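Everything numeric here is computed off the predicted structure, so don't read it as measured data. Both backbone and side-chain heavy atoms feed into the values below; hydrogens, waters and symmetry mates do not. First listed ligand is number 1; within each ligand, the first listed atom is number 1.
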Amino acid sequence: MNLNDPVVTDCIFCRIARGELGTEFVAESEHNVAFRDLHPQAPVHMLIVPRQHFAALRAVGSDDWHVAADALSLATRVASEYGLYDGGYRVITNDGPDAGQTVPHLHFHLLGGGQLQAGLG
Ligand code: 5GP
Ligand code: ZN
């Protein structure tokens with residue numbers, strides 16, 4: 001199977017993005033959906049997830065960067081809607097085992113709503 005097959009049937013985030021698991025979306029855009037992380041690590045912890053399957057950031061092809069740009073744009077919209085502009089927020093993606101990626105479908109974490117841990121590494 002191609003890693004970026006647009007119809008990946010057994011990927012959990014593909015299934016969520018297709019609406020198959022009944023997950024509530026806090027926001028949507030043309031190319032991405034946003035929903036609450038199952039195990040929040042901050043008062044506000046959302047996941048921004050492309051509708052299309054990419055295994056990770058490195059798997060985004062040269063024709064598809066608009067999807068990642070759309071994800072970052074959606075992250076800022078959600079940050080605004082959830083009142084994070086005053087205090088600030090963090091957007092991160094984990095790519096690969098050293099970064100601790102556990103779900104092999106590209107996603108950006110949006111974290112905020114309180115003082116976040118200072119370390120990034
Ligand atoms: P990673 O470790 O790959 O960067 O992040 C995966 C994130 O997905 C984790 O924070 C985890 O809590 C979240 N997660 C895993 N499975 C589900 C799920 O089925 N639903 C939701 N809403 N979040 C999930
Ligand atoms: Zn997927």
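- Close contacts between ligand 1 and Leu47 involve ligand atoms 8 (O), 13 (C), 23 (N) [criterion: under 4.0 Å to a heavy atom].
- Annotation: Gln101 places no N or O atom under 3.5 Å from an N or O atom of ligand 1; distance criterion only.
- The Zn ion (ligand 2) forms the vertex of an angle spanning ND1 of His105 and ND1 of His53; to the nearest 10 degrees it equals 100°.
- When Leu38, Leu111, Thr93, Val49 are ranked by how near their heavy atoms come to atom 21 (C) of ligand 1, first place goes to Leu38.
- Side chain of Arg36 to backbone of Val26: no donor-acceptor contact under 3.5 angstrom is found.
- Checked against a 6.0 Å centroid threshold, the rings of Phe54 and Phe13 do not count as neighbours.
- Scanning the protein heavy atoms around atom 9 (C) of ligand 1, the nearest turns out to be Asp37 OD2, 3.3 Å.
- Using a 4.5 Å heavy-atom threshold, the side chains of Thr76 and Tyr89 count as touching.
- Considering only non-hydrogen protein atoms, atom 5 (O) of ligand 1 sits nearest to His107 NE2, 3.0 Å.
- Residue contacts with ligand 1, taken as heavy atom pairs separated by less than 4.0 Å, involve Phe13 solely via side-chain atoms from C-beta onward.
- Contact annotation: Ile16 has at least one heavy atom less than 4.0 Å from an atom of ligand 1.
- Side-chain atoms of Gln117 and Gln41, non-hydrogen and from C-beta on, never get closer than 4.5 Å to each other.
- Residue Gly100 has at least one heavy-atom neighbour below 4.0 Å for each of these atoms of ligand 1: 2 (O).
- The single protein non-hydrogen atom nearest to atom 22 (N) of ligand 1 is Arg36 O, 2.8 Å, given as residue, atom name and distance.
- Heavy-atom minimum distance, Ala27 versus Arg77: CB-NH1, 4.1 Å.
- Using a 4.5 Å heavy-atom threshold, the side chains of His109 and Val91 count as separate.
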For this session: May I have the step-by-step check of ring-ring contact (aromatic ring centres under 6.0 Å, His included) for His105 and His107, ending in yes or no?
Result: CA-CA 6 Å; His105 177 130; His107 52 282; 7.7 Å; no
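- Gly113 approaches Pro43 most closely through the heavy-atom pair O-CG, 3.4 Å.
- Linking ILVMFWY side-chain heavy atoms closer than 4.5 Å, directly or via other members, places Leu111 and Val44 in two distinct hydrophobic clusters.
- Leu106 and Phe25 are not part of a single hydrophobic cluster, where members link through side-chain heavy atoms under 4.5 Å apart.
- For atom 15 (C) of ligand 1, the closest heavy atom belonging to the protein is Val103 CG2, 3.9 Å.
- The side chain of His109, and not its backbone, has at least one atom closer than 4.0 Å to an atom of ligand 1 (non-hydrogen atoms only; side chain from C-beta on).
- The shell of residues lying under 4.0 angstrom from ligand 1, judged by heavy atoms, excludes Thr23.
- With a 4.0 Å cut-off on non-hydrogen atoms, Leu21 does not touch ligand 1 at all.
- Against a heavy-atom cut-off of under 4.0 Å, Phe35 is close to the following atoms of ligand 1: 21 (C), 22 (N).
- Looking only at heavy atoms of the protein, atom 3 (O) of ligand 1 is closest to Thr102 N, 2.7 Å.
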